[in-house]
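Worksheet: one structure, shown below.
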Amino acid sequence: MSSPVRYELIGDIGVMSINNPPVNVLSHPVRQGIQDACREAQADSSKAVVIICDGRTFVAGADIKEFGQPPKKPFLPDLLNEIEASSKPMIAAIHGSALGGGFELCLASHYRCAVATAKVGLPEVKLGLLPGAGGTQRVPRLTGITAALELISSGNPISATSAETLGIVDRIVDGDLREGALAYARELIDRGAACRRSSELPAPDANPASCAEFRQQLEKRARGQIAPQRIVDCVEAASTLPFPEGLQFEREAFLSLMTGPQSAGLRHVFFAERDAARVSGIDKTSPQRDIKSVAVIGAGTMGGGIAMNFANAGLPVKLLEVSDDALGRGLEIIVRNYAGGVKRGKMTQDEAIARRDLIQGTTDYAALADVDLVVEAVYENLSLKQDIFERLDDVCKPGAILATNTSYQDVNRIAAVTRRPQDVIGLHFFSPAHIMKLLEVVRAAETADDVLATCISLAKKIGKIPVVAGVCYGFIGNRMLQKYAREAQLCLLEGATPETIDTAMQQWGMAMGPMRVFDLAGLDIGYKARQGLSPEERGDPRAYRIPDALVEMGRLGQKSGAGFYTYDPDTRAYTFDDVSKSVIERAAASLGVERREVDASEIVDRLIYALINEGINIVEEGIAQRPSDVDVVYVYGYGFPAHRGGPMHYADATGLDRVLERICEFRERFGAENWTPAPLLEQLVKEKRSLDSFVVKGA
Ligand code: 3H9
């Protein structure tokens, strides 16, 4: 097999070219090839060596797929030491992204040049890791402690020009990178430039107080995560230990993180996110429809946010409302949101104006005649949505995609009112729609493949992570949420307070506790939605007794100043007051529920196992294409801690037998109605298999 690394001599310059598509990761053959090329260069007539990559990017890092497998020599830290020890100047030439181990390869090189569009960074923290090939020791020696802490603990890549300012890129190359890198090498040879080894730079000073402060900030920013704290340890070690010992310290920290559960969870999410875009029967060659213009129906919070997504991607949007007043209010919110974006440095004033100008308001359906895609985003009412689709069917051009942003309704019944059910699909955005990354793409019974393929690529174009779901009440996310919410409400009735529930769930890692989520979303939303549901769809009536009572007394959640909690109108600080307490106690008494202490571990297990059990049902029914899609939905749409990998991965990591045992225990205590183990869970336990090994029928 030919090596993914070529080495050639161009005059007296050695050129090492790495070619390992798609993103040139440092798989074993690449490491071997780099070592061979480095050794060849030491022995030949080259006076300097350029390290450059073919394809769309420089090296994007270590090969994450190799983690957890028996390691093969040469190990990356040793290889990079060998490069740094070269007696001839090594020059990294960067385009695309130099990330993780890829950037560490640059840091071990003696000089670094890059095209201005390149990015560099150490994103390991996002995989629950830290740079394990010298990054935590070399960066501080080049940039000082503060910049190193920020770069490595955030994991965010920076532009080549910012890297030049920080002193981690030496030269920005205009025009062709290869030519520019060869010219830079020539210049270095001509001036007899030394092999500049970052490991030999003096150790930077670390102020223990500022490291301690940084640790505290990280405790808030990255709650519950181990890697960021270990990064501070390593960067601090760069200032106290000689380089070889610092490297050893980093290596041990890296290996302990790599074999730990948090990195396993985050690596799972990395691949799950990419798998989610794969749909059986559809690939890159599948035909798609051209989307050059969009319409959104409803200029409420959701519709406005959806419109912003498309405008942000440069697509013109017609925003339709029933009245000029409603339209004016909607457009005003959009202007405010854009102004907020400018204030937070997300875009320039000019960009904000250009994006806003792409959104054109209308109250006339006839204005939608030419658009390629319509997203209906009015409130949850099936007959209203059906009326709108009938009108769309009349006015829209043939081939236009007609999407509904419903969170619950039956997309088949919406499609059925049109003469073109093949063009109808669900596009379920999450609030706030211009910020949340998840997009549930609901494939109805007759949705055409090209409609689905178009919506998946469009989702990526507007920066969303698409997950395909089948039709059922609540699709993937909200169907599971109903079970999670049920257990939260039952815990309240049985004696927990909103605070004990929220604290337990947040300490476990959820971005926000359920009670605050319900208050934020508005208790009236669920209340209204329940009016249109059958008793089976509503679920356990005890699970909405308290929110119904709160709504009926005008406590709609944060927007009305009170829900489960009361909110300070200025600071939004929340407290659990006596009114809410007595509503809960009255509800419990009227249902004959005996109050007791419900501890944090019971709260967590009941809420999370209810979520898991329903997730497994959803997988078995084929509503989700694969278990990891459920994980993507929960991590990106519902604040599930990514370092726990999502509910399905968490179930596998816990052990499906333990999950089943606990669910059976809950069945004993609380009854089979709410706690019947998913048949697939029982089957997998019997077969001693994991969810990860399960392939959905037809996928
Ligand atoms: C590390 O370096 C540790 C070291 O410090 C120490 C070691 C001792 N490994 O994202 P895309 C696959 S940790 C394996 O769709 P884009 C990806 O799964 C690493 N595979 O493209 C996908 O496969 P498929 C630190 C990887 O253009 C394909 O490549 N580095 C890896 O949207 C295309 O990826 C990182 O964390 C990998 N490292 O974005 C960087 N990376 O086609 C992670 C990608 O089968 N990577 N693949 O679905 C990225 O951020 C993006 O891939 C990148 C390109 C920005 C580079």
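Read the numbers this way: they start at 1 and go in the same order the structure lists the ligands and their atoms.
The aromatic rings of Tyr634 and Tyr638 lie parallel to each other, with less than 30° between the two planes, well short of the 60° mark.
With distances taken over non-hydrogen atoms, the option nearest atom 21 (O) of ligand 1 out of Arg278, Glu273, Arg56 is Arg56. Atom 30 (N) of ligand 1 has its nearest heavy-atom neighbour, among Gly100, Ala60, Pro157, in Ala60. With Phe58, Phe271, Phe254 as candidates, the residue nearest to atom 8 (C) of ligand 1 on a non-hydrogen basis is Phe254. Among Leu122, Leu127, Thr136, the residue whose heavy atom sits closest to atom 36 (O) of ligand 1 is Leu127.
Under 4.0 Å from ligand 1, heavy atoms of Ala62 appear from its side chain as well as its backbone. Contacts with ligand 1 closer than 4.0 Å are made by no heavy atom of Thr57, backbone or side chain. At a 4.0 Å heavy-atom cut-off, ligand 1 touches Val23 through the side chain alone. When heavy-atom distances to ligand 1 are checked against a 4.0 Å cut-off, Phe75 has no atom that comes that close, whether in backbone or side chain. Looking at Asp63 against ligand 1, both its backbone and its side chain come within 4.0 Å, counting heavy atoms. If you look at Glu66 next to ligand 1, there are no close heavy atoms at all, none under 4.0 Å. Looking at Lys126 against ligand 1, nothing comes within 4.0 Å, counting heavy atoms.
In terms of polar-atom proximity, defined here as any N/O pair under 3.5 Å, Arg251 makes no such contact with ligand 1.
The protein atom (non-hydrogen) at minimum distance from atom 46 (N) of ligand 1 is Phe270 CZ, 3.7 Å. With respect to atom 9 (N) of ligand 1, the closest heavy atom belonging to the protein is Ile64 N, 2.9 Å. The nearest heavy-atom contact from the protein to atom 50 (O) of ligand 1 is Leu99 CD1, 4.0 Å.
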Result block: side-chain N/O donor-acceptor pairs under 3.5 angstrom for residues 48-59, not counting sequence neighbours:
| from | atom 1 | to | atom 2 | distance (Å) |
| --- | --- | --- | --- | --- |
| Asp54 | OD2 | Arg6 | NH1 | 2.9 |
| Thr57 | OG1 | Ser97 | N | 2.8 |
| Thr57 | OG1 | Ser97 | O | 2.9 |

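Open room surrounds NZ on Lys437; 12 or fewer heavy atoms of other groups in view lie less than 6.0 Å from it. The local environment of CG in Asp205 is sparse, with at most 12 non-hydrogen atoms from other residues, nucleotides or ligands closer than 6.0 Å.
Every side chain to side chain donor-acceptor pair (under 3.5 Å) that Lys292 has, sequence neighbours left out, goes to Asp290.
Using a non-hydrogen distance threshold of 4.0 Å, Pro22 registers as a contact of ligand 1.
There is a side-chain donor-acceptor pair under 3.5 Å between Arg689 and Ser693. Checking Ser87 against Gln42 by side-chain atom types alone, a donor-acceptor pair falls below 3.5 Å. Donor-acceptor pairing under 3.5 Å is lacking for the side chains of Ser162 and Thr165.
For atom 32 (O) of ligand 1, the nearest protein heavy atom lies 4.0 Å or farther away.
Of the candidates Arg196, Arg138, Arg197, Arg141, Arg138 is the only one forming a salt bridge (charged side-chain N to carboxylate O under 4.0 Å, His left out) with Glu84.
Within the cation-pi definition used here (under 6.0 Å to the ring centroid, within 45° of the axis), Arg644 does not qualify as a partner of Phe640.
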